[in-house]
Protein chains: 2
Amino acid sequence: MARTLAFNQHEAIEKALDVFWQKGYHGTSMRDLTDAMQINSSSLYNTLGDKHQLFIHCVKHYTLKRRLLLEQRANSFKSPKKALESFIQDVADVVIKDVQGCFAIKTAFEVSPEDKGIKALLKEDNDYTHQFLSRLIREAVRKDELDQDCDAALVADHIICTYTGWYELYILHQDPVKIKKLATYLVRQLLR
Amino acid sequence: MARTLAFNQHEAIEKALDVFWQKGYHGTSMRDLTDAMQINSSSLYNTLGDKHQLFIHCVKHYTLKRRLLLEQRANSFKSPKKALESFIQDVADVVIKDVQGCFAIKTAFEVSPEDKGIKALLKEDNDYTHQFLSRLIREAVRKDELDQDCDAALVADHIICTYTGWYELYILHQDPVKIKKLATYLVRQLLR
DNA sequence: CAAATTCTGAAACAATCATTTCAAAATTAA
DNA sequence: TTAATTTTGAAATGATTGTTTCAGAATTTG
């Protein structure tokens with residue numbers, strides 16, 4: 001048998017993700033990646049593949065991480081209405097903390113129009129969030145916390161679309177108050 | 001005196017815009033541009049400047065064009081409420097027609113986090129739309145077509161954020177019905 | 001027409017791009 | 001320890017990047 005890998009793959013992917021996140025797919029060079037990952041290119045190609053395959057790893061890593069975060073927080077609420085409120089406010093906080101925007105959204109606009117594979121991954125991620133939200137909404141309706149005639153799937157899409165726009169607004173204006181106001185506005189709009 | 005330019009600058013910029021729009025800033029090479037513009041690179045550098053300057057031309061061209069379109073349509077309504085409704089539905093139609101998303105939004109995510117010049121241009125464009133919408137909303141409030149306690153600036157931001165998300169959703173799902181439903185939902189949400 | 005001036009085309013530029021090569025170092029199991 | 005196997009580092013790959021060069025074609029004014 002032979003020696004084992006001298007670097008941690010997960011850590012390497014996380015570092016690569018940081019670079020892709022900041023510079024975008026086309027704006028990132030292999031040198032940027034090997035510098036940040038502190039791996040020689042031959043090792044990189046031998047283990048994680050070429051630039052595109054590495055990018056896929058990063059997308060999967062990112063979406064999985066978010067998914068776990070979402071599931072983790074999902075069970076900590078008794079009232080679905082409260083859970084929805086908290087979800088929206090949390091997204092607003094993430095938007096404000098993330099100066100460079102959401103990696104999935106950036107990738108959706110930069111890469112996925114011309115890359116079906118990446119698009120499929122992002123769609124899957126989007127569908128997951130959509131399911132999470134619409135389930136929450138349906139529960140809220142059942143518990144009479146929301147209007148009976150409310151279309152859960154539609155409202156879920158609406159929420160997702162709205163906070164997508166927050167990212168762009170924050171990139172352009174960097175105004176945390178504005179984002180927070182929009183979040184409370186969205187909550188009040190939905191839950192009355 | 002000497003000969004005049006052998007190509008139309010506006011047409012050349014429009015062709016360059018098409019390429020940048022489709023491939024993004026970093027995904028576009030100078031060869032892509034000279035091929036599409038049918039101009040030799042020396043002519044390009046002599047007249048419009050380097051890649052970055054050309055990109056600025058494209059952003060300015062795009063935002064100006066949208067601005068004119070907006071102003072042109074603004075005066076064709078008597079009721080501000082009807083104008084708002086029509087604006088939102090029109091945006092939905094644009095989203096559906098544009099398979100590759102809005103150039104300004106794509107650029108906001110790809111370029112402007114690291115390019116203050118481009119960011120300033122996009123912010124200016126965003127502010128213009130914001131002014132346009134908030135003025136319309138204020139008029140609607142004055143004419144009692146909207147709630148008196150409605151914060152015009154906030155609602156304008158909300159509308160802009162929402163339809164930004166439509167672009168992403170359409171890139172991922174390519175479902176026109178979904179976008180139209182979201183548009184009518186937004187309208188009903190606002191104007192009740 | 002002629003002289004002046006500017007634009008154009010093709011080639012060349014160095015730099016960087018993603019990727020590959022391969023010998024040597026490193027590690028494992030026997 | 002030895003033989004087998006894999007990772008690693010540094011260099012080299014050819015292609016492509018953005019940009020420049022410059023001689024000659026083109027066009028305008030006088």
Side-chain angles (χ1 to χ4, degrees), chain A residues 1-61 107 110-112 114-118, chain B residues 1-61 107 110-112 114-118:
Chain A
M1 279 289 134
R3 58 188 291 194
T4 51
L5 251 66
F7 66 94
N8 182 302
Q9 292 217 17
H10 279 274
E11 286 178 14
I13 289 175
E14 277 189 350
K15 285 173 184 168
L17 171 59
D18 284 340
V19 181
F20 277 132
W21 198 334
Q22 195 197 331
K23 303 195 156 194
Y25 179 73
H26 293 288
T28 298
S29 72
M30 289 305 284
R31 196 172 261 141
D32 292 333
L33 292 166
T34 50
D35 284 355
M37 299 163 83
Q38 287 180 318
I39 292 176
N40 194 276
S41 57
S42 70
S43 304
L44 179 54
Y45 276 86
N46 277 339
T47 53
L48 297 165
D50 63 15
K51 189 185 179 184
H52 190 260
Q53 288 174 293
L54 176 57
F55 190 72
I56 292 178
H57 278 115
C58 290
V59 173
K60 285 184 177 172
H61 181 88
T107 303
E110 190 204 343
V111 185
S112 67
E114 301 195 270
D115 188 324
K116 295 188 79 174
I118 298 292
Chain B
M1 282 287 134
R3 57 189 292 197
T4 51
L5 252 64
F7 67 94
N8 183 303
Q9 293 219 13
H10 280 274
E11 287 178 13
I13 288 175
E14 278 189 349
K15 284 174 184 167
L17 171 59
D18 283 340
V19 182
F20 277 132
W21 198 334
Q22 196 198 329
K23 302 196 157 196
Y25 180 73
H26 292 290
T28 299
S29 72
M30 290 304 287
R31 247 201 202 100
D32 292 332
L33 291 166
T34 50
D35 284 355
M37 299 163 83
Q38 286 178 319
I39 292 176
N40 194 275
S41 58
S42 69
S43 306
L44 179 53
Y45 276 86
N46 279 339
T47 53
L48 297 166
D50 62 15
K51 188 185 179 186
H52 190 260
Q53 289 174 295
L54 176 58
F55 190 72
I56 292 177
H57 278 116
C58 290
V59 173
K60 286 184 175 170
H61 181 87
T107 303
E110 190 204 343
V111 185
S112 68
E114 300 196 90
D115 189 323
K116 295 189 78 173
I118 298 293

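Numbered from 1 within each chain, the chains take letters A, B, ... in sequence-line order. Everything numeric here is computed off the predicted structure, so don't read it as measured data.
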Interatomic distance where [atom1] belongs to [X] and [atom2] belongs to [N] [whole Å]:
X       : N      : atom1 : atom2 : value
A:Tyr45 : C:dC22 : OH    : P     : 17 Å
A:Leu44 : C:dT20 : CG    : C1'   : 13 Å
B:Ile39 : C:dT6  : CD1   : C1'   : 16 Å
A:Lys51 : C:dA18 : NZ    : C1'   : 8 Å
B:Asn40 : D:dT19 : CG    : C1'   : 12 Å
B:Met37 : C:dG9  : CE    : P     : 13 Å

Distance check, rounded to the nearest 0.5 Å: B:Glu11 atom CD versus B:Gln38 atom CD?
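CD of B:Gln38 is found 10.5 Å from CD of B:Glu11.
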
Between CG on residue B:Leu17 and CZ on residue B:Phe55, distance to nearest 0.5 Å:
9.0 Å

Using a heavy-atom cut-off of 4.0 Å across all strands, would you classify B:Asp50 as base, sugar-phosphate, or nothing?
sugar-phosphate

Is the charged tip of A:Lys51 near the ring of A:Phe20: under 6.0 Å from the six-membered ring centre and within 45° of its axis?
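Relative to the ring axis of A:Phe20, which defines the angle, A:Lys51 lies outside at least one limit.
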
Dot-bracket pairing map - DNA chain D, Watson-Crick plus G-U, both contacts under 3.5 Å, | cross-strand:
||||||||||||.||||.||||||||||||

Are A:Ile118 and A:Ile56 close enough, and set up right, to give a side-chain contact (heavy atoms from CB on, under 4.5 Å), and what steps lead you there?
CA-CA 7 Å; A:Ile118 298 292; A:Ile56 292 178; 3.9 Å; yes

How about A:Asn46 and A:Ser43: does a side-chain donor come under 3.5 Å of a side-chain acceptor?
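Not at all, the side chains of A:Asn46 and A:Ser43 share no donor-acceptor pair under 3.5 Å.
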
Under 4.0 Å from any atom of DNA chain D, heavy atoms only: list the residues of residues 18-33 of chain B that qualify, in numerical order.
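Contacts with DNA chain D under 4.0 Å: B:Thr28, B:Ser29, B:Met30, B:Arg31.
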
For C:dT19, does the base pair up with any side-chain atom of A:Ser42 as donor and acceptor (N or O, under 3.5 Å, distance only)?
no

Assign each of B:Asn46 and A:Ser41 the nucleotide of DNA chain D bearing its closest heavy atom; nearer the 5' end lies the nucleotide of A:Ser41

Without swapping roles, check the side chain of A:Asp32 against the backbone of A:Ser29 for a donor-acceptor pair under 3.5 Å.
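Such a contact is found between A:Asp32 side chain and A:Ser29 backbone.
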
So, do B:Asp115 and B:Tyr25 sit near enough that their side-chain heavy atoms are less than 4.5 Å apart?
no

So do B:Leu44 and B:Met30 actually touch side chain to side chain, heavy atoms under 4.5 Å?
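Yes, close enough: below the 4.5 Å cut-off.
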
Given side-chain contact (heavy atoms from CB on, under 4.5 Å), test A:Lys23 with B:His26 step by step and report yes or no.
CA-CA 10 Å; A:Lys23 303 195 156 194; B:His26 292 290; over 6 Å; no

